[in-house]
Structure formats: C-alpha cells, structure tokens
Engineer: 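Following this message is one structure expressed as structure tokens.
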Amino acid sequence: MSRATLAASLLLAAAATACDNGAARDYPVQPVPFTQVRFEDAFWAPRLETNRTVTIPHVFRMSEETGRVDNFSLAAGLIEGQQCGDYPFDDTDVYKAIEGASYSLMLRRDPALEAYLDSVIALIAAAQESDGYLYSARTNDAEELRNWFGEERWVNLERSHELYNAGHLYEAAAAHYQATGKRSLLDVALKNADLIDRTFGPGKLRKPPGHEVIEMGLVRLYRVTGERRYLDLAKFFIDVRGRPLDGRTLGGEYNQDHKPVVEQTEAVGHAVRAAYLYAGVADVAALTGERAYVRAVDRIWEDVVGRKLYVTGGIGATGGNEGFSEPYLLPNMSAYNETCASIANIFWNHRMFLLHGDARYVDVLERTLYNALLSGISLEGDLFFYPNPLESVGQHRRTPWFGCACCTGNVTRFIASVAGYVYAVARTDLYVNLYAGSRAEVDVAGRGVRIHQETRYPWAGDVAIAVEPQAGPQRFTLHLRIPGWAQHTPVPSDLYRYLDETPAGAPTLSVNGEPVAVRLQAGYATIDRTWRSGDTVRLDLPMPVRRVAALDSVESDRGRVALQRGPIVYAVEWPDEPGGHVRNLLLPDEAALDAAFEPDLLRGVTVVRGAARAYRRVPGSDTLAATDVPLTAIPYYAWAHRGPGEMAVWLAREEAAVRPLGYPTLASRSTVSASFGPNPGAVHDQMEPRYSIDHDVPFYHWWPHKGTTEWIQYDFPDATEVSTVEVYWFDDTGIGECRVPASWRVLYLENGEWKPVWTEQAYGVDKDAWNRVVFETVRTRAVRLEVRSQEGWAGGIHEWRVG
Ligand SMILES: [Zn+2]
C-alpha cells in the first residue's frame, strides 16, 4: 500500500467512525455540479444548445401528440376519453423530459420553458390520487394495459412499473426543485414517496420493483430533504431483491431478482434495470457505509468490463432480454446496446469513481459517452436509436420516436447534465476527469478555484488548464486523468488490447512551461503545489490512430480490428466506400492510417484514412478476388446520418474473417415475401452464417409465432427450372425462442396453385448446417418453403439457396 493510498484509507476509516456516530456520510469523492461548469467548445456546447432548442421541445411535443400528457389530464378528470399508449410507464417519458428541461433551465433561464413546465406539472399534480398514488394507467382504468398492472395496486410489481414511474418522478421533482426553487413537483413526489413508505418495508409489503430506478430516486429525495426514511426505503428495496419473502416467487435473472444483491457476482438480465440497480446500490453504499454493497458492485463491474462490454462502451448484447448475455457473446450486427443502458452505464461508472477515486471507471465512462451513448441521438437532435449496433447492412435507422420511448427523454436529461462528469473534489484533491474547452468554478476545501480548459478535445489531445485560486495562493493536488487510450489499456481489463505495443509518444505534462514527470496514481498524473493565479498546466495526450483487437474469446471480433483515436471509436460507412460495401473489407495490419479534421463533414469530425482490400467471391469457384480500395472511417457516433447502408466497426484483418461479396444467384435475384415478420430479405443476402445462432449476419424469423405453419417465397424474374433447395435454419437455443422446425416441405407454383415438389429425400432439420433437398425438376415462376415450427417454439431461417 502506498503512502497516499494508506492516507486515503485512514481518511475513509475516520469517516466511517464518524458516520457510525450518526454524522452524515457520503461518497469520499464529490462531483462538481454541472451548473459549475460551462462548455465553450465546438463539441459539447453545440450539443447542449441542440438539446435545449430541439430535443427537449421535440420530446414534449411527441409526448403531447401521443397522448402522454393527456393521460395525466384524463386522470385528473379534466378531459374525457381513454388512456393512450401501449405501456403503463409512458408517464416516465414526461418525467424525464421535465428533468432534462429543469437541468437546461439551470444552465440558461428560459421563462417560456419554465411556464410550460408549470402547466405540465399542474396536470401531473391533479392526476395524483388523494393518498399520493400516481400512475395514470390505473387511475384511467386502462383495460388493455391491465395485464401489466393487475387488479390491485402493487400486486404485479414485476411488470407494473408502478415503482419505476415513482423513481423517475422523484428524479424529475428533485431536478425541478433545484432548478426553480418551486416545490410544485417536489410536493407531488414526496406525497407519493410517503405512500410508498407507508406501504413497503419490514412488517409491510416486502417486494422489490420489477424495474429498478426508485433506489436512485429515493436517494435524490433524501439528498433534497434530509429525510433519512427515504434512504432507508431505498436500502429496503435493494435488500428485499432476490429474497423469496412472504412466499413471493423470485423474478429471476431478467430483473436481477435471482439472488440477494449482496450475493450477486455477475451482470445479468435487462441491462437498463441492472445498471440502474448497481448505480442505486453504489449510492446507498456511499450513504450508509454498507461494505457488502461495495463488494457486490465491484465484482459485477469486473464481470462487465472483463466480459460483457462492447468496444463502444455499450452494454446489453441481446435483444430478447434487452440485456446481458453469456460472457464474451458480443455480436455486432444484432448488438442491442440500448441508449438507456449507455446512460445507466455512465451513471454507474461515475458512482464507482466517486466510491473509489480511480480513473479506470472514468475510462469506461468516457468510452461509453463518446461512442455508444452519442450514437443514440442524431446530430440534429430529433432522431434516436434505441439499439446501437456495431454493424449494419442498412436495416438500422434513427427515428423520431418509439412506442416505448424511454431513450428519448433519457437523452434530454443526460445531455443537459453532462458537464457534471468533468470535475470532482475530495478535500484538497481536485480531479479533472474529462477534457473539454470550458470554464468552471470549483470549490476546493471551502475555497473557490476557477479552472479554464482550452483544448480541441476529442479531436486533439493537447490541453491547457489555467488554475486561478480566488482567495490567494492555495495548496491542493491536481489530479489529471491519463486516459487508458493514451497508455496501453483501451479498457481496464484484458477484453480489448491495442495492436501497437508502443504508441507514438507518451503523455507529457508541464506547469508554467516547466516539465513535470507524469507519475500515475490510480490513473491520474498528480501535481501537488501551492497554486497561484496565472498558473497554467499543459497536458499533451498524443492521439495516434490505434488498432484495437478483442480477446480471442469474443468470437464475433476474431480476426478483426477496430480503430480508435483518442476516446473516439471509428466505423466505416457505405457512402465512403466503392459500391457502398464495407463488410467485405480487410484492413491489413501494416496499412498506414492518417487522421484529418473535416470541418464540413457531419458537423466537423476527424476522419481516419488509409488503404484496405475489398473481397468478392469468384463465380463458380471457392476462391476470392481482392482489389485495393481507399479506406475512410468516421466516428462511430456519427454513423447513419447519410442514409441507410452498410456500416462496420470491426473490419477483417485476416482473410479467414473476411465476408466477401457474393455474385448474383437465382436466390439473390428473386423477390422474397413471407407469411409474417420483418426482413425476409435476409434469407437471400448471401451472408453466410457460421452456425445457426450466428448473430453477426442478418437472419429472418417468425417469432413470436410459435408452433404455427408459416411460409416464405421466392418469385423468380422468369420461369425457371429448379431441382434443389438448401436451407440454413436459424436457431438461438440458449438465448432466444427460435428452434429448427418440426417439419417443412417445398412447394412450387403451377397454374396459380401451390403444389409440393416430388422427392424421396428427407427434409433435414439439422442445426449449424445446410439442409439440402434435391427434387424432381419443376419449371416455375415461384417456390415456397412451408415450415411448421415446433410446439411452443418459433422458427427462423438464416439463408436459403435455390437452384
Ligand atoms: Zn431506452
């Protein structure tokens, strides 16, 4: 243990003793509130302005158009009608937008926006039932949503989201109170929290929420009011999770309700729920000193960062559970990476940093921030991604809204408060976690210090930091984060590594022109001195383009390379490559890569340029042909702004990993139609799976139709003779509900009638293989596969050849 760590732990021990005597306890490191930091740069400042002028009004307008605001008016008895929307948690979209708008008001006064909030809050207050219950779907007796919330309050917590709605209400209320000093929404929140406090707890109802967030929300109410019972209630909801009390059936891994939280070791289930829980556990740990909580989130964090984190910082690999999957299962095209999960991951990693004071958590935070999270919102601020995949053939595009609109309001509140991640303080330690052109007023040991950062980050790594103590010379330690990307560790685990062992140049540091040695302490270069007005620190973080490889256990990335420069992860997108193809590219390890800032592209981005090889199959043989092509990569967050098409983050670096273009076949020239389901075209895209569960190439399925007979059909350009079909079944045993079929057969069209082909061969249902059937030649304009799914399961197809 170094002297510094020893000193830190003694401090913590002293704090613990004090707390046991009833004194207030909190995170050992405290964030500098976002209201103290003002961006003056070309990257964040415009985004905050777009959030204020475009995204926040957009989310409110959509909330009105979709009936989300009317649902409150209806519950208040102010209008007649029916509950709108498909989900009982639609109330939270309004809450989150209020939270975002409140943060925005803290940055810039806006009387019109404030008045609008007053009007919406008045409706919410009127919608609250007399005892504090607030949940528009039940008050409005929304019959079609009853399967979510059941006959009585709290009987169906696993699905009802009653406590989830409450949690977002509390966060919004605390934000609005802090922004405006008005108690209008806070009083609504406290009345609701008091009802929940009367209802839940030891000797009362002992059940956890199905979707976490109330834990963080109650902590917010505790911080605002100082009422200990809100903190106790947050702790209760954590402790009751995973325990089958009062005969309750556990909810299972999907909502982290499979075992007590303090015994959990791995990240499981729905990723937003999970990371909200872990963030809430960190909060309660900081405020109560519960060491078992810290040990639990430490273990789970190691699991995520070591085995379940995308190179973009996204979490939650699979769509079926919107969540975590098996270790190292990180498919790229079907990557879920919900935008809300990125926000939750940032909340959680920020709290881990505040607990431990270690830069590695900020490394994860920064990776998620600049990549997975920013991908979720368009540059214009009014289009959103719900999942954020790392590869596409054009099937993904941002949209203005979703039926389940959780991500949209979440973006408003996150972007408005992003400046809160830049600085933190602990006694006489000042942490600089993020670099951005900005001015800040920071309080260090009770004295004001002005900080002025000048930098072109994230496009350039040189940062000038002027330090101005306001009350005369002041001694404290400045901690400058030296990001993992400026060293040898893309993430604080062995999950990813840089292929260049010796990056060009190490970080350098100077104070008033005098070089200072960079000595790392928990990931920070530290400067302990008496600071005087006019002191300037210069930090230079060289930003070469770096190649990233994943651990071999990540099969989806095997033989592949991703590009990163500074905190930005890159993607290759169709408009920049010949023919619009990028998935067939191979980037040789020895190919030189350069970076150039393009002020007019995608609102100003640094692109990466080099040379690659484009592969295609040679007709009639097993060989591949390759041609040299120029390569241009753009920041991943900026993809999907130039129309739909191919995109890839991971490019082949070995020929075995190449996905060559096909050549036209009868199947690829056919028109596809099917009995049900989106994207039947996946079956003739000539992207061959490696096995039936392969999520790195598109597939087609009939889910959620189970045990049914379905069809898929090729219409040929002309009448054609055919005598074989080959089918590669999609089967996601272990993570989904698709299985190889019970049976199938081939039909052909003759005189407007579908007839079975004649064959003595068996119709194969093998997994991980082509199932080939040869039949008596027919001349036809169309063939069909008629497929009967297994009882209780759905069916799907990866690829279908015909000849
Ligand atoms: Zn979401």
Side-chain angles (χ1 to χ4, degrees), residues 31 33-35 47-48 51-64 68-69 72 89-110 113-125 134 161 163-190 192-193 211-225 272 276 279-280 283 339-340 342-344 346-347 350 373 376-377 381 384 405-421:
F34 66 87
T35 45
R47 275 177 176 72
L48 268 67
N51 189 52
R52 187 180 77 85
T53 57
V54 179
T55 315
I56 290 170
H58 171 82
V59 173
F60 277 125
R61 187 167 56 248
M62 293 303 293
S63 293
E64 288 186 9
R68 281 163 166 78
V69 176
F72 291 112
F89 47 83
D90 286 350
D91 293 355
T92 61
D93 299 324
V94 181
Y95 299 154
K96 279 185 272 190
I98 292 174
E99 188 182 344
S102 299
Y103 295 151
S104 191
L105 287 176
M106 290 163 90
L107 297 168
R108 182 168 165 153
R109 287 225 44 201
D110 184 337
L113 179 59
E114 197 173 331
Y116 177 76
L117 294 188
D118 288 342
S119 70
V120 176
I121 289 168
L123 298 177
I124 294 169
L134 180 51
H161 292 71
L163 299 176
Y164 171 79
N165 288 13
H168 278 301
L169 169 67
Y170 304 165
E171 298 241 29
H176 182 254
Y177 172 65
Q178 285 167 335
T180 64
K182 295 177 186 171
R183 295 189 58 98
S184 50
L185 193 59
L186 183 63
D187 286 340
V188 173
L190 296 178
N192 180 264
H211 194 317
E212 299 91 330
V213 85
I214 195 170
E215 301 82 358
M216 277 191 286
L218 284 164
V219 166
R220 286 290 292 274
L221 291 187
Y222 164 65
R223 289 187 186 284
V224 168
T225 63
V272 182
Y276 280 174
D283 274 350
T339 300
C340 286
S342 292
I343 292 173
I346 290 173
F347 287 170
H350 189 227
L373 181 278
I377 174 84
F384 305 85
C406 51
C407 302
T408 61
N410 229 348
V411 165
T412 67
R413 69 181 186 136
F414 181 82
I415 296 289
S417 56
V418 67
Y421 301 99

Engineer: Side-chain contact test, heavy atoms from C-beta onward, threshold under 4.5 Å: evaluate it for Arg223 versus Val219 and give yes or no.
Structural biologist: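 A side-chain contact exists here, since the closest heavy-atom pair is under 4.5 Å.
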Engineer: Decide yes or no for Leu373 and Phe414: does some side-chain heavy atom of the first lie under 4.5 Å from some side-chain heavy atom of the second?
Structural biologist: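 Yes, side chains in contact.
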Engineer: List the atom of Glu212, the atom of Tyr164, and the distance in Å for their closest heavy-atom pair.
Structural biologist: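 What the structure gives for the nearest pair is O-CD1, 3.9 Å.
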Engineer: Could you check if a side-chain atom of Asn165 sits within less than 4.5 angstrom of a side-chain atom of Leu134, using non-hydrogen atoms only?
Structural biologist: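 Side chain of Asn165 against side chain of Leu134, heavy atoms only: no contact under 4.5 Å found.
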Engineer: Which heavy atom of Ala166 sits nearest a heavy atom of Ile214, and at what distance?
Structural biologist: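 Scanning both residues completely, I find the closest heavy atoms to be CB-CD1, 4.0 Å.
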Engineer: Does Leu221 form a side chain to side chain contact (heavy atoms under 4.5 Å, CB included) with Leu190? I'd like the steps, not just the answer.
Structural biologist: CA-CA 8 Å; Leu221 291 187; Leu190 296 178; 4.1 Å; yes
Engineer: Under the salt bridge (Lys or Arg N to Asp or Glu O under 4.0 Å) rule, collect the residues that match up with Glu64, sequence neighbours excluded.
Structural biologist: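 Applying salt bridge (Lys or Arg N to Asp or Glu O under 4.0 Å) to Glu64 gives none.
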Engineer: Quick check: do His211 and Tyr276 have side-chain heavy atoms less than 4.5 Å from each other?
Structural biologist: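 Touching, per the 4.5 Å side-chain cut-off.
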Engineer: Give, for atom CG of Asn410 and atom CG of Asp93, the distance between the pair rounded to the nearest 0.5 Å.
Structural biologist: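 Interatomic distance, Asn410 CG to Asp93 CG, rounded to 0.5 Å: 9.5 Å.
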Engineer: On a heavy-atom basis, which atom in Cys340 and which in Val272 lie closest, and how many Å separate them?
Structural biologist: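 Shortest heavy-atom separation between Cys340 and Val272 comes out as CB-CG2, 3.7 Å.
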Engineer: So which atom in Tyr116 and which in Ser119 form the shortest heavy-atom distance, rounded to 0.1 Å?
Structural biologist: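 Distance-wise, the nearest heavy atoms are O-OG, 2.6 Å.
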Engineer: If you define the side chain from C-beta out and look only at heavy atoms, does anything of Thr408 sit under 4.5 Å from Met62?
Structural biologist: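 SC-SC contact between Thr408 and Met62 ruled out.
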Engineer: Just jot down the ring-ring contact (aromatic ring centres under 6.0 Å, His included) partners of Phe72, sequence neighbours excluded, or say none.
Structural biologist: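 Once residues adjacent in sequence are excluded, the partners of Phe72 under the ring-ring contact (aromatic ring centres under 6.0 Å, His included) criterion are Tyr95.
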Engineer: Give, for atom CD1 of Ile56 and atom CG of Asn51, the distance between the pair rounded to the nearest 0.5 Å.
Structural biologist: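 Answer rounded to 0.5 Å: 4.5 Å.
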Engineer: If only atom types and distance count, is the side chain of Lys96 paired as donor or acceptor with the main-chain N or O of Cys406 below 3.5 Å?
Structural biologist: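 A pair under 3.5 Å: yes.
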Engineer: Which distance, rounded to the nearest 0.5 Å, do you find between the NE2 of His176 and the CD1 of Ile121?
Structural biologist: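 Answer rounded to 0.5 Å: 3.5 Å.
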Engineer: Under the side chain to side chain contact (heavy atoms under 4.5 Å, CB included) rule, what do Thr55 and Phe384 come out as? Steps first, then yes or no, please.
Structural biologist: CA-CA 10 Å; Thr55 315; Phe384 305 85; 3.8 Å; yes
Engineer: Can you name the nearest heavy-atom pair linking Ala125 to Val188, along with the distance?
Structural biologist: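 Closest pair (atom of Ala125, atom of Val188, distance): CB-CG2, 3.6 Å.
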Engineer: Can you spot which of Thr92, Asp91, Asp90 makes a side chain to side chain donor-acceptor pair (under 3.5 Å) with Arg68?
Structural biologist: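 That would be Asp90; it is the only one of Thr92, Asp91, Asp90 passing the side chain to side chain donor-acceptor pair (under 3.5 Å) with Arg68.
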Engineer: Could you grab the distance from atom CG of Leu185 to atom OH of Tyr170, nearest 0.5 Å is fine?
Structural biologist: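 These two atoms lie 11.5 Å from each other.
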Engineer: How many angstroms lie between SG in Cys407 and CD1 in Ile377, if you round to the nearest 0.5 Å?
Structural biologist: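 Result: 10.5 Å between the selected atoms.
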Engineer: Please evaluate residues Asp118 and Lys182 with respect to the criterion side chain to side chain contact (heavy atoms under 4.5 Å, CB included), reporting the C-alpha separation (whole Å), side-chain torsions for both, the decisive distance (0.1 Å), and the verdict.
Structural biologist: CA-CA 9 Å; Asp118 288 342; Lys182 295 177 186 171; 2.8 Å; yes
Engineer: Are any side-chain N or O atoms of Glu215 and backbone N or O atoms of Val213, one a donor and one an acceptor, separated by less than 3.5 Å?
Structural biologist: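 Judged by distance alone, yes, a pair lies under 3.5 Å.
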Engineer: Heavy-atom distance under 4.5 Å between the side chains of Ile415 and Arg52, does that happen here?
Structural biologist: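 Sidechains of Arg52 and Ile415: no contact.
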Engineer: Any non-hydrogen side-chain atom of Phe60 less than 4.5 Å from a side-chain atom of Pro57?
Structural biologist: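 No, side chains not in contact.
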Engineer: Does Ser63 use its side chain to pair, donor to acceptor, with the backbone of Val69 at less than 3.5 Å?
Structural biologist: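 Not at all, since once roles are kept as given, no pair shorter than 3.5 Å links the two residues.
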Engineer: Can I get a per-line list of side-chain donor-acceptor pairs under 3.5 Å for residues 100-108, giving both atom names and the distance, sequence neighbours left out?
Structural biologist:
residue : atom : partner : partner atom : Å
Ser102  : OG   : Ile98   : O            : 2.7
Tyr103  : OH   : Glu99   : OE2          : 2.6
Tyr103  : OH   : Arg220  : NH1          : 3.2
Tyr103  : OH   : Arg220  : NH2          : 3.4

